[in-house]
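Working notes for the structure below.
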Protein chains: 2
Amino acid sequence: MGVSKSTGTQSGTKSSTQGVRSETVRRSNLSAILGMLRTAASVTRSELVEATGLTRSAVGSLIGELVEHGLVTEIGAQHDGHRGRPSAMAELDGAGLAALSFEIGVDGVAAAVVNLRGEVIDDARASRTRGPVPVEAKVDDLVTLANLLGYVDGAVGDRRIVGIGVAVAGTVTSDGQTVVMAPNLQWSDVQLADLVSARFGDGVAVTIGNDADVGALAEHRFGAGDGASDMIFVGGEIGIGGGIIVDGQRVHGRSGFAGEVGHMPVNPSGDVCGCGSIGCWETEVGERALLRRAGLDEDGGNAAVQRLLLAAQQGDAMVLDAFAEHGGWMAIGLACLINVFDPEIVVMGGMFNDVWHHVEDVVTSDLARTSFGGRARPGVVVAGRLGNSARLIGAAELAFQPLLDNPVSA
Amino acid sequence: MGVSKSTGTQSGTKSSTQGVRSETVRRSNLSAILGMLRTAASVTRSELVEATGLTRSAVGSLIGELVEHGLVTEIGAQHDGHRGRPSAMAELDGAGLAALSFEIGVDGVAAAVVNLRGEVIDDARASRTRGPVPVEAKVDDLVTLANLLGYVDGAVGDRRIVGIGVAVAGTVTSDGQTVVMAPNLQWSDVQLADLVSARFGDGVAVTIGNDADVGALAEHRFGAGDGASDMIFVGGEIGIGGGIIVDGQRVHGRSGFAGEVGHMPVNPSGDVCGCGSIGCWETEVGERALLRRAGLDEDGGNAAVQRLLLAAQQGDAMVLDAFAEHGGWMAIGLACLINVFDPEIVVMGGMFNDVWHHVEDVVTSDLARTSFGGRARPGVVVAGRLGNSARLIGAAELAFQPLLDNPVSA
DNA sequence: CCCCATTTGTTGTAATCTATTACAAATAAA
DNA sequence: TTTATTTGTAATAGATTACAACAAATGGGG
């Protein structure tokens, strides 16, 4: 084949002023292979050779190193009827590893043990009456849940916990250490990573993420977003948040605050929003707006929304009307996002995950009219596949990230 | 120092399934050094060593190769009073190179010869009465302008033309070959790259870009966006377009259509837009809206806008009122973009470049109220620095891109 | 004016990583 | 059973950067 083959395509390296060395090459290739093994159930070596553009020997060496570190196992080849020696299958191992993930919301907290495949091995939830809760109390709750899940000394059962990820309904600095503002919890400038770290020991790294951002991460890697390179996730309950994936990477913004889609101004003659602006999308498509449209108490919370969903399923005309109006406003914000990003897919999570079924028709037909050049063909906006677990799975991904970037660090 | 130093920071390589080889390493490092030399006037070798994290010997070898290919010259060291042997200065050469760039707008066409530093060496413009023009006529205009600039057989004077870039007021596929839709020119699905290529010979690659996208590129690399990693450029005249830079890279979207900020819905009770939707930002902040607010003919074109600017400078109260109202609507769309992206900087180009002076106060004070958490502190939104040349410079960057990614390809 | 510490460029060698080549192993087809 | 094909492995080669030693250039101190 010779050099003329040269793997074509883009360089695979990002333009930057940082130099690259041979260690970087190894790390990058290990990471690429591990990444492929994570999404597919099992991959043959020859598939890896083709996908990476590397040679058989290089792939062999890389897999050997991953096996050595207990991240990958090789299983017998499958004779698939093709000619020639069958290729050995490589599979993600990671049976001895897991991430511990937490979710801090206004209604309570949740915790899960998640494996490298993004599967929830065990989880636990604790509800509290909605409202602001001091940080210390929330962290106490986390510790309680972790104990419930059997977390002892950096491990759960025979799985070593490689890191702790926390999803919070608030803005988080891009270093994943500090909660800058969580309006519904009434937190501001909380060094959450340090507080959690203090309770779980120094051996385990703690990373925080905005709940919509981590939801996006989860749906992108294991859910409805699958292998899309450009994706938008819209989630939330009272407050509406968004997670944006461009070219396979989360968009952070200047300081980690990107994705505040709930505060896109969509209605100049709308209500005053908690943020001080007027007619934010959140005031039109948030939980309170939905309840108001259905003639219920705005503060009814998730329980009221569930009753509404039941009524809709039973064909209650007034409730269906409320959903239709709600869908109209949802479409307006979605048109904005779609026209600006031209995403491959928009995933509706959080409250919208439940509601989607009842608004899909309205939203889709509105978007056909309002998206530029009709780019929002049906199927661009979909409901999330991970439902309530999305945030926990995404938070676990935060914890796994260092391992994924540098699989054989130690 | 030993390995413990290990350059820290991010890997510099993007997560991808593509493998990396030693050629890739060399290319990436050459590209990094060339990139640094492009922005700074001149850089010492020791500065390059520090910035790249590479060793002196590696940097020496890389610069040597760039010098060999005529892209870089080394000039004598500057004794800056520091102790030790003064470091040699490296400077971008590229005296023998240039890009030929074109801009196709509704009002006419423009052409320029641009060097590797993003400096316009020579340019020419041709106006036509506003309106749709067949592609062939526009391409004829381009050839005329190129001749005027002295383009002969892949060169202008003693500069070899490494590529041709074209900015068009329309959506362009992400491969930079086809204009999908240009409403104001009434083009759709035009294989513009091929048409231009046919007139300029096969030796020179032709790349097309959306005018706002290339404007963003130019302001990001050589203008107001400088070294910002997250930037938004808003430009346009009749139609409003946007170019989005995230993490130093243009956001393309699924098929290259991202950045249609002119069609963000901002006013549910607004006018019907040409795109079929209602209350698009464009209907509130486009040229026609401005003229309407000032009580002029909506179709007055750029000439009318210039008269308006003059009247505003002379303190015409009615015109100033019109600008204030216009600024209010500008702020609404900007708040949307800022809340969603949290950019370091927003650059106002095209028509807004001229108008900015008269709306800045209104926009800034509105944004302080409507941007989430007051993140739009003064100075986030600025006027472009490259003015009318931004699109030509950006189009030239499209032409230079292959060279920048792979400096010593041949 | 000379010597020394400091910084930088250069050169030769070592280390790291992937490509190449040759060969063995495993399978289907003839 | 033989042959063609595909895959895995091991040894060697090639490319690139790191490392170490030394030379060159400069300022500071005596």
Side-chain angles (χ1 to χ4, degrees), chain A residues 1-7 11-13 18-33 43-67 74-90 407-408, chain B residues 1-7 11-13 18-33 43-67 74-90 407-408:
Chain A
M1 52 177 79
V3 182
S4 61
K5 189 192 168 196
S6 89
T7 68
S11 71
T13 64
Q18 194 71 26
V20 181
R21 310 186 302 191
S22 57
E23 312 157 27
T24 322
V25 171
R26 186 69 170 185
R27 197 192 320 154
S28 170
N29 285 341
L30 286 167
S31 180
I33 287 185
V43 183
T44 67
R45 272 204 201 190
S46 54
E47 283 166 350
L48 288 173
V49 166
E50 189 168 9
T52 59
L54 300 171
T55 58
R56 292 202 297 274
S57 54
V59 170
S61 154
L62 290 163
I63 289 200
E65 193 166 348
L66 290 172
V67 169
E74 282 203 293
I75 53 184
Q78 295 272 350
H79 325 172
D80 59 345
H82 274 188
R83 215 167 150 138
R85 174 175 172 175
S87 192
M89 305 279 251
V408 298
Chain B
M1 53 178 78
V3 182
S4 60
K5 191 192 167 194
S6 89
T7 67
S11 71
T13 63
Q18 193 71 24
V20 180
R21 311 185 304 189
S22 58
E23 314 156 25
T24 322
V25 171
R26 186 69 169 184
R27 196 192 321 153
S28 169
N29 285 341
L30 285 167
S31 179
I33 286 185
V43 183
T44 66
R45 266 156 86 142
S46 54
E47 285 166 350
L48 288 172
V49 167
E50 190 169 9
T52 58
L54 301 171
T55 58
R56 291 202 299 273
S57 53
V59 170
S61 155
L62 290 162
I63 289 201
E65 193 166 349
L66 291 171
V67 168
E74 282 202 293
I75 54 184
Q78 296 273 349
H79 325 169
D80 60 346
H82 275 187
R83 218 170 149 137
R85 175 174 173 176
S87 191
M89 306 278 253
V408 298

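Lettering follows sequence order; numbering is per chain, from 1.
Straight-line distance from the NE2 atom of A:H79 to the C1' atom of D:dT6: 13 Å, rounded to whole Å. Residue B:I33 contributes atom CD1, which lies 14 Å from atom P of D:dT16 at whole-angstrom precision. Atoms CE (A:M89) and C1' (D:dG8) sit 16 Å apart, rounded to a whole Å. The distance between atom CD1 of A:I63 and atom P of C:dT18, rounded to the nearest whole Å, is 13 Å. Atoms NE2 (B:H82) and P (C:dT8) sit 10 Å apart, rounded to a whole Å. Here the P atom of nucleotide D:dA18 and the CZ atom of B:R26 are 11 Å apart, to the nearest Å. One can place CD of A:Q78 at 17 Å from C1' of D:dT6, the figure rounded to the nearest angstrom. Atom CD in A:E50 sits roughly 12 Å away from atom P in D:dT6 (whole-Å rounding).
Across all their heavy atoms, A:R56 and A:V49 have their closest contact at CA-CG2, 3.9 Å.
The B:S87 side chain lies nearest to C:dT8 when the options are C:dA19, C:dT8, D:dA18. Checked against C:dG9, C:dA26, D:dT17, the side chain of A:P86 finds its nearest nucleotide in C:dA26. Nearest to the side-chain atoms of B:R85 among the listed nucleotides D:dC19, C:dG9, D:dT9 stands C:dG9.
Side-chain contact check for A:S61 and A:R26: at least one donor-acceptor pair (N or O, by modelled atom type) lies under 3.5 Å.
Remark: A:S46 is in phosphate contact with D:dT7, judged by side-chain N or O atoms under 4.0 Å from OP1 or OP2. For C:dC17, the OP1/OP2 oxygens have no side-chain nitrogen or oxygen of A:N29 closer than 4.0 Å.
Toward the 5′ end of DNA chain D lies the nearest nucleotide of B:S61, the other residue of the pair B:R56 and B:S61 mapping further downstream. Nearest-nucleotide assignment on DNA chain C puts the 5′-proximal partner with A:A58, out of A:R83 and A:A58.
Rounded to the nearest 0.5 angstrom, B:L48 CG and B:N29 CG are separated by 11.5 Å.
Residues that satisfy the salt bridge (charged side-chain N to carboxylate O under 4.0 Å, His left out) test with B:E47, not counting sequence neighbours, are absent from this structure.
No donor-acceptor pair closer than 3.5 Å links the side chain of A:S46 to the backbone N or O of A:S87.
Within 4.0 Å (heavy atoms only), A:A77 reaches no atom of the nucleic acid at all. As judged by a 4.0 angstrom heavy-atom cut-off over every strand, B:T44 is placed among residues making no nucleic acid contact.
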